Amino acid sequence: MLQIHNNLSRQKETFQPIDPKNVRLYVCGMTVYDYCHIGHARVMVVFDVVYRYLCHLYGKEAVTYIRNVTDIDDKIIKRANENGESFVTLTERFIAEMKVDEAALSILPPDQEPRATHYMQEILDMIQTLVDSGMAYVADNGDVYYDVSKFERYGQLSGKHLEDLRAGERVAVDEAKDDPVDFVLWKSAKPGEPSWQSPWGEGRPGWHIECSAMSTCCLGNHFDIHGGGLDLQFPHHENEIAQAEAATGEKFVNVWMHNGFVRINEEKMSKSLDNFFTIREVLKVYDAEVVRGFIINSHYRSPLNYSDGNLDEAKNVLTTLYTALRGIDVNPDVELTGEWVDKFFAAMNDDFNTPAAMAVLFELASEVNKARNSDMAAAIVSASQLKQLADMLGILQREPEVFLQSGLGGEGISNEQIEQLIQQRLDVRKNKEWAESDRIRDELKAQGIILEDSVEGTTWRRD
RNA sequence: GGCUGGGUAGCAAAGUGGUUAUGCUGCGGAUUGCAAAUCCGUCGACGGCGGUUCGAUUCCGCCCUCAGCCUCCA
């Protein structure tokens, strides 16, 4: 039985889909005005693993995964103005760039990636419903605000109390609001800003309403899992609940999942602190699968410290696992049974405990290495299980040689040159000319190429 | 000030009221012309102080300390 830590109750709960034939997952995605950073990569990878595992448990057809794109907001407008381009040009460009990063990280495409600007009518309808029922009010300046005091359960997700929020020194005082904790549903447009027609005048949606509208539209009023980064817990997700439940009269989401932050030097990585690394930058130095391995090697709710040392270790991890798979014809149909398989699923069922699941992969790799010279059939079974299980984590799906010999970019010695030198070395080795043999090996090593001699011959990999 | 979540061996990272996490690293051995890879063995842990218990790293309390949210942020 799958257990998931539900942030609504702050404890692990047995996951029971509303309808096992139609398991529904919604994740808050990117605001597209810049390249994705490693924090975004974490959300993508974490929920990609959740999605893959749900597909394993319930069947691919039975799972619907929605991840939205925020393509209109203040930051987008600001950046478009700075660049002297339309906000549409800007967002289209960064949606395309986002897809490049996703593909590199082996992120399975969600079933739908709704955009705020494509759901304007649904957004307006939900705001209208809230206004009609008295849950929202139109301010003097044309903005529409949600009246937080009318929603009794406000604070249930974030554990906040209205009194504390009002007393908080950091809540900005906005003259247009009746209450500082109220939040905007519809922002009236200033001259020159992108805008849409509404019953309250030209304007654009507030940030939170798009997710309430798009998620209920795509998945129904009540669905299973809603996820996102921990920084979205408050106010974004709290407000989504308030909007959706007030508008539909139904419970909105059963399980709330939030992944932890990526840190740099023990400090949160974020746009506002300007200490972020883009996925693009990191992929210049590390293979995308290494980045994925780095993310999976920590539990999704723990903080993840970004450092070269930790990325290097992730690379070692993948090298070890791929080395075990090297030279073995895996059988994609092998049965998933046995001690290690059970442990893997036990780990995944325990709130997606990927570090524990990775430990199992090492045990299987060890089984492969132990058996490969004495019992190839057993080695094939272990290797095949290893690869199948790794697929649920989105790793180890390339040919081992491809990973082990892959370099980043065109710099350095070519594969042909390497093969040539290896052949030269084999020739002198026939005459036991060890000095020359070692010289060639050292020459290659200086260029980051590691040679491995075995009875079958010489293999190589890039360090 | 209010609210969260952490502090595990050199590093990374799970987990548990009493039994090996795991990976990298270190040390010893096998293998190898020497290496690399692999295998075998091994050193090394649970922030501090109390409490509950036959027994606590694991439960409770207090303290120290770190990070986060309370404003845009994945």
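Small disclaimer: the values here were computed from a predicted structure and weren't measured.
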Check the side chains of S437(A) and R425(A) for a donor-acceptor pair under 3.5 angstrom, ignoring hydrogens and angles.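 Their side chains do contain a donor-acceptor pair, which is all the 3.5 Å distance test asks for.
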Do NZ/NE/NH1/NH2 and the carboxylate oxygens of D287(A) and R398(A) come within less than 4.0 Å?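 Yes.
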Can you tell me whether the side chain of [X] and the base of [N] have a donor-acceptor pair closer than 3.5 Å?
| X | N | value |
| --- | --- | --- |
| R301(A) | G5(B) | no |
| D164(A) | G1(B) | no |
| K75(A) | C72(B) | yes |
| R42(A) | A74(B) | no |

Residue matched to C39(B) through Watson-Crick or wobble contacts both under 3.5 angstrom: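 By the stated definition (distances under 3.5 Å), G29(B) pairs with C39(B).
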Roughly how many Å is it from CD1 in I328(A) to P in U38(B), rounded to a whole number?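 In whole Å, U38(B) P lies 13 Å from I328(A) CD1.
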Distance check needed: C72(B) C1' versus K271(A) NZ, whole Å only.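 To the nearest whole Å, that distance equals 11 Å.
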Pairs under 3.5 Å (N/O, protein and nucleotides 11-14 of chain B):
{"unit_1": "A14(B)", "atom_1": "OP1", "unit_2": "H299(A)", "atom_2": "N", "d": "2.7"}
{"unit_1": "A14(B)", "atom_1": "OP1", "unit_2": "S302(A)", "atom_2": "OG", "d": "3.2"}
{"unit_1": "A14(B)", "atom_1": "O3'", "unit_2": "N353(A)", "atom_2": "ND2", "d": "3.0"}
{"unit_1": "A14(B)", "atom_1": "O2'", "unit_2": "N353(A)", "atom_2": "ND2", "d": "3.3"}

Need one value for [X]: base, sugar-phosphate or nothing, where a base atom within 4.0 Å counts as base even if backbone is also close, heavy atoms only.
| X | result |
| --- | --- |
| D73(A) | nothing |
| S272(A) | base |
| G260(A) | base |

Among all residues two or more places apart in sequence or in another chain, which pass the side-chain hydrogen bond (donor to acceptor under 3.5 Å, both in side chains) test with H56(A)?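 None.
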Per S437(A) side chain, nearest of listed nucleotides G33(B), A74(B), C72(B):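 Selected nucleotide (nearest to the side chain): G33(B).
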So among F47(A), W256(A), Y65(A), which one has a ring pair (Phe, Tyr, Trp, His ring centres under 6.0 Å) with H226(A)?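 Only one option passes, and that is W256(A).
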Is F261(A) stacked against the base of A67(B), taking the criterion as centroid distance under 5.5 angstrom and interplanar angle under 30°?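 Here the ring of F261(A) and the base of A67(B) are not stacked, as the 5.5 Å and 30° limits are not both satisfied.
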